[in-house]
Every structure is written in structure tokens, then in C-alpha cells.
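To start, the structure under review is shown below, and the notes come after it.
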Amino acid sequence: MEGRLGVLGVGPQGEELYRHVLRAPGLTLATHVSQLGWTDYEAEHAIEQLRARRLVRVTGLGEVVADHPRAALERVVSAEEARLATRRQDLARVRDAIDAFVTDHRAGQESQASDQPLRERVDQAVFGSVYEHLVASTVGVIRRAKPGAPLAAGDFPTVRQQLSAGREQRTLYLPDALQQYAGALAEWASLGEQQRVVGELPSEFYVFGEEVAIGSTEWGQQGGDYVVLRDPMVVAAFIALFDRLWAAAAPAETRPDTTSGALVDWMQQGLTDEAIARAMGVSLRTVRRRIAGLMTEHGVTTRFQLALRIAERRQKS
């Protein structure tokens, strides 16, 4: 265990020898070694520590002599405090230089971004890490068109953190997701994700702010590799496609079996009767019976007329 002189670089044996010399001045090192029961190696190591700090000296007769400890230790402590003050000044200069280094880093990042390829293939195995990196390195709305199973929220801690901090995320799902993946959708919704359902998604793709998009290498296919796209025109096209789909989509929390207007919303999205039935959790016959009933109620003979009639009533209300 280190003693009080450990901070000065004097180990336990060095401190023990120092105290022994103070109590028994005028003895030779050999005598101290004999009384302490040390080896010559231990004694030499201890006395070198004390001599390096000028706490003891050895006379021509081999006697180990120590100055008054107040004077000796005050001298050592004052020297250490001076070195500490210099160290603090050096660290303060480093702190003042942090902003300059940050500026260098920002310039490097901007230069690197300009050198990044406009199109970069991403293996499916590393999709998650690339996705997290793109989220962390961009700002703005995250737009996601996700046919099939939703991404697992637990696999994306950076996304969760940013949503918790207020970043906006909008995701388009297909109607089947409401029934098949209700738990996953609920988890994303609890994190703040805005969700809408659309009758058809042309392909899987994601857009991060206005800077970069990522999509399937094979348009309209799922389960393959991905491609990162940074061309501003391509990214803008993905944003326009998403926003058009989003504007026409129905909120995911809308349940088609709650009101007649909501049922028509699903029809206007282009959902087939079969898809509406799956989303509602009812039979195909039930869906068709309800549509027929609405047509009779509104005095129309086609679905198109039904949509127009309900739209007119909504405008008046």
C-alpha cells in the first residue's frame, strides 16, 4: 500500500527508509539495511528514490543524512506545485485549441462527403449498421416506405434515441401490417413514429433528411441487397414519391370498420376487397355486404359514385 509520499514518486519502502533515517541519523546504509532486514537490492532501490527528490544524501563516510523534513518536503512540494501550474497552463492551451480542431474536423467531413460515391451498394448483412450511420450523420425527417415486416425497433438504438429527442419519422405500411405486425407498429408508434397505410408501395426505400436515400437494388423486390444514393436529384425524386404517397395514405390508426367514411378511405387507397377484409379482420363477404349497404344508403350504383357522394358530404360538414 502506498504511503503519503507516493504522490512524489517515493514508494512504501522508500518512505519507510526515510522515516528510519529521520529516527536514526548518522547510520550507514548497511546499518539501515541490517536493522530493516532488507536485501541490498531493496535498499538501493529505496535510497535512489529518496536521493532523486533530495530528501537524503550519503556522506563520504557512507552515512545517510536527511535535512529537516519541513524544509526538504516544502522544497519538493513547491517544485511539484510549480510543475502542476505549468501543466494546467498547457492543458488550458489545449482546451482553447479545441474549437480549431473541431473546425478542421468539420472541413474534413465536408470534404469526405463531397468525395463519397453517389451510388454505393450495401450488403444485406450490414444494412443495420449502415442505416444507423445514415441516421446519425443526417438531420431532418426520416421517410420510410416499408412493405413487408417492419424493422425491429430494438435493432436501431440510434434511431430510438433520435426519435426520443424529437426527430420526425414517417413510415408507410401496407394494410396487412396492421394485423400481422401490430406489436411492432405499436412499438414504433410509442417512440413517436407517424404511421400511414397505403394500398400499394412500389418498393422498399428510406430517405434521411434531404441528403441521402437507401433502397433495394432490385426495384420492387424485397430480401436482397441495398444501394445508398446521394445524388441530389435522385434523393429529391424519392422525397417527392414518398410525399405523394403519404398525402394519399390513410392514418394507420384509422379502423375501416368504425365508420362508413373510413371504409371509403380504404377503397380510395386502391385496396382490394380482400386487403380491406384482412385489415378489418372480417370476412370478404362482410366487406362486400357493407359496401353494398353504403351504396344503397347513398343512392348510388357504383363505387366511384359512392366515393364522390361521401366526399361531397365531408366538404359540407
> Any idea which heavy atoms bring Glu200 and Leu245 closest together, and the distance?
Replying inline: O-CD2, 4.3 Å
> Can you check whether Thr39's main-chain N or O pairs, donor with acceptor, with Glu42's side chain at less than 3.5 Å?
Replying inline: yes
>> Does atom CD (Glu218) have a neighbourhood of more than 12 heavy atoms from anything else shown, all under 6.0 Å?
In response: no
>> Distance check, rounded to the nearest 0.5 Å: Thr217 atom OG1 versus Gln124 atom CD?
In response: 9.5 Å
> Should Arg51 and Glu48 be marked as a salt bridge (Lys or Arg N to Asp or Glu O under 4.0 Å) after you check the CA-CA gap, both sets of side-chain angles, and the distance that decides it?
Replying inline: CA-CA 5 Å; Arg51 293 176 68 179; Glu48 282 304 316; 3.8 Å; yes
> Can you find a heavy atom in the side chain of Arg143 that is under 4.5 Å from one in the side chain of Tyr206?
Replying inline: no
> Looking at CG of Asp123 and OH of Tyr226, how far apart are the two atoms once the value is rounded to the nearest 0.5 Å?
Replying inline: 11.0 Å
> So do the side chains of Arg170 and Ile142 get within less than 4.5 Å of each other, counting heavy atoms only?
Replying inline: no
> Checking ring-ring contact (aromatic ring centres under 6.0 Å, His included) for the pair Tyr181/Tyr173: CA distance, chi angles, key distance, verdict?
Replying inline: CA-CA 10 Å; Tyr181 311 110; Tyr173 296 104; 8.7 Å; no
> Just by modelled atom types, is the Ala66 backbone N or O under 3.5 Å from a matching donor or acceptor in the Arg57 side chain?
Replying inline: no
> Of all heavy-atom pairs between Val10 and Glu15, which one has the smallest distance, and what is that distance?
Replying inline: CG1-N, 3.5 Å
>> Between Pro202 and Trp219, is there a side-chain heavy-atom distance shorter than 4.5 Å?
In response: yes
> Does any non-hydrogen side-chain atom of Leu185 lie less than 4.5 Å from one of Leu178?
Replying inline: yes
> So Arg160 and Glu187, salt bridge (Lys or Arg N to Asp or Glu O under 4.0 Å) or not? Walk me through it.
Replying inline: CA-CA 10 Å; Arg160 295 171 64 96; Glu187 183 175 8; 3.2 Å; yes
> Out of curiosity, Arg88 CZ to Arg83 CZ, how far, rounded to the nearest 0.5 Å?
Replying inline: 14.0 Å
> Can a salt bridge be assigned to the pair Arg121 and Asp225 using a cut-off of 4.0 Å between side-chain N and carboxylate O?
Replying inline: yes
> Ignoring hydrogens and geometry, is there a side-chain-to-backbone donor-acceptor pair from Glu120 to Leu229 under 3.5 Å?
Replying inline: no
> Above 12 or not: heavy atoms from other molecules or residues under 6.0 Å from CD of Glu210?
Replying inline: no
> Side-chain contact, heavy-atom cut-off 4.5 Å: Pro69 with Tyr18?
Replying inline: yes
>> Given Thr138, which partner from the list Glu211, Arg167, Gln162 fulfils the side chain to side chain donor-acceptor pair (under 3.5 Å) test?
In response: Arg167
>> Assess the residue pair Thr31 and Thr28 against the criterion (side chain to side chain donor-acceptor pair (under 3.5 Å)); give the C-alpha distance rounded to whole Å, side-chain angles, the decisive distance to 0.1 Å, and a yes or no.
In response: CA-CA 5 Å; Thr31 304; Thr28 63; 2.9 Å; yes
> Do any N or O atoms from the side chain of Glu193 and from the backbone of Thr171 form a donor-acceptor pair under 3.5 angstrom?
Replying inline: no
> Do Leu22 and Val65 sit in the same hydrophobic cluster, where Ile, Leu, Val, Met, Phe, Trp and Tyr count as joined when their side-chain heavy atoms come under 4.5 Å apart?
Replying inline: no
> Do Phe156 and Val126 sit in the same hydrophobic cluster, where Ile, Leu, Val, Met, Phe, Trp and Tyr count as joined when their side-chain heavy atoms come under 4.5 Å apart?
Replying inline: yes
> What distance do Leu134 atom CG and Arg230 atom CZ have between them, rounded to the nearest 0.5 Å?
Replying inline: 6.5 Å
> Considering residues, nucleotides and ligands other than His20, do more than 12 of their heavy atoms fall under 6.0 Å from its NE2?
Replying inline: yes
> Ala184 and Pro150: which non-hydrogen atoms are nearest, and at how many Å?
Replying inline: CB-CG, 4.0 Å
> Of all heavy-atom pairs between Ala213 and Phe238, which one has the smallest distance, and what is that distance?
Replying inline: CB-CD1, 4.1 Å
>> As a quick check of understanding, evaluate side chain to side chain contact (heavy atoms under 4.5 Å, CB included) for Val58 and Glu63, giving each step before the final call.
In response: CA-CA 5 Å; Val58 180; Glu63 298 173 340; over 6 Å; no
>> If I take atom CG from residue Leu17 and atom CD1 from residue Ile47, how far apart are they, to the nearest 0.5 angstrom?
In response: 6.0 Å
> After noting the C-alpha distance and the side-chain angles of Gln305 and Thr301, does the key distance pass the side chain to side chain donor-acceptor pair (under 3.5 Å) rule?
Replying inline: CA-CA 7 Å; Gln305 292 173 339; Thr301 57; 3.1 Å; yes
>> Would you say that more than 12 heavy atoms from the other residues, nucleotides or ligands in this model lie under 6.0 Å from the CG of Asp90, or not?
In response: yes
> Leu151 and Val141: same hydrophobic cluster, using ILVMFWY side-chain contacts below 4.5 Å?
Replying inline: no
>> Under 4.5 Å between side-chain heavy atoms, counting indirect links through other Ile/Leu/Val/Met/Phe/Trp/Tyr residues: same cluster for Leu5 and Val7 or not?
In response: yes
>> Apply side chain to side chain contact (heavy atoms under 4.5 Å, CB included) to residues Val21 and Leu50 and explain how you reach the verdict.
In response: CA-CA 11 Å; Val21 170; Leu50 297 175; 5.6 Å; no
>> Rounded to the nearest 0.5 Å, what separates atom CD in Gln195 from atom CD in Gln169?
In response: 9.0 Å
> Should Trp246 and Gln194 count as side-chain neighbours, where that means a heavy-atom distance under 4.5 Å?
Replying inline: yes
> Does Glu16 come within less than 4.0 Å of Arg19, counting only side-chain N to carboxylate O?
Replying inline: no
> Stepwise, does the side chain to side chain contact (heavy atoms under 4.5 Å, CB included) test hold for Leu27 with Val64?
Replying inline: CA-CA 6 Å; Leu27 300 181; Val64 182; over 6 Å; no
> Can you list the steps and then say if Leu174 with Leu201 is a side chain to side chain contact (heavy atoms under 4.5 Å, CB included)?
Replying inline: CA-CA 7 Å; Leu174 293 175; Leu201 287 173; 4.0 Å; yes
> Is any side-chain heavy atom of Arg144 less than 4.5 Å from a side-chain heavy atom of Leu172?
Replying inline: no
> Within a radius of less than 6.0 Å around CZ of Arg75, do more than 12 heavy atoms belonging to other residues, nucleotides or ligands occur?
Replying inline: yes
> If every non-hydrogen atom of Asp67 is compared with every non-hydrogen atom of Ala72, which pair is closest and at what distance?
Replying inline: CB-CB, 4.5 Å
> Is there side-chain contact between Asp155 and Tyr131, with at least one heavy-atom pair below 4.5 Å?
Replying inline: no
> What is the minimum heavy-atom distance between Arg196 and Ala249, and which atoms define it?
Replying inline: CB-CB, 3.6 Å
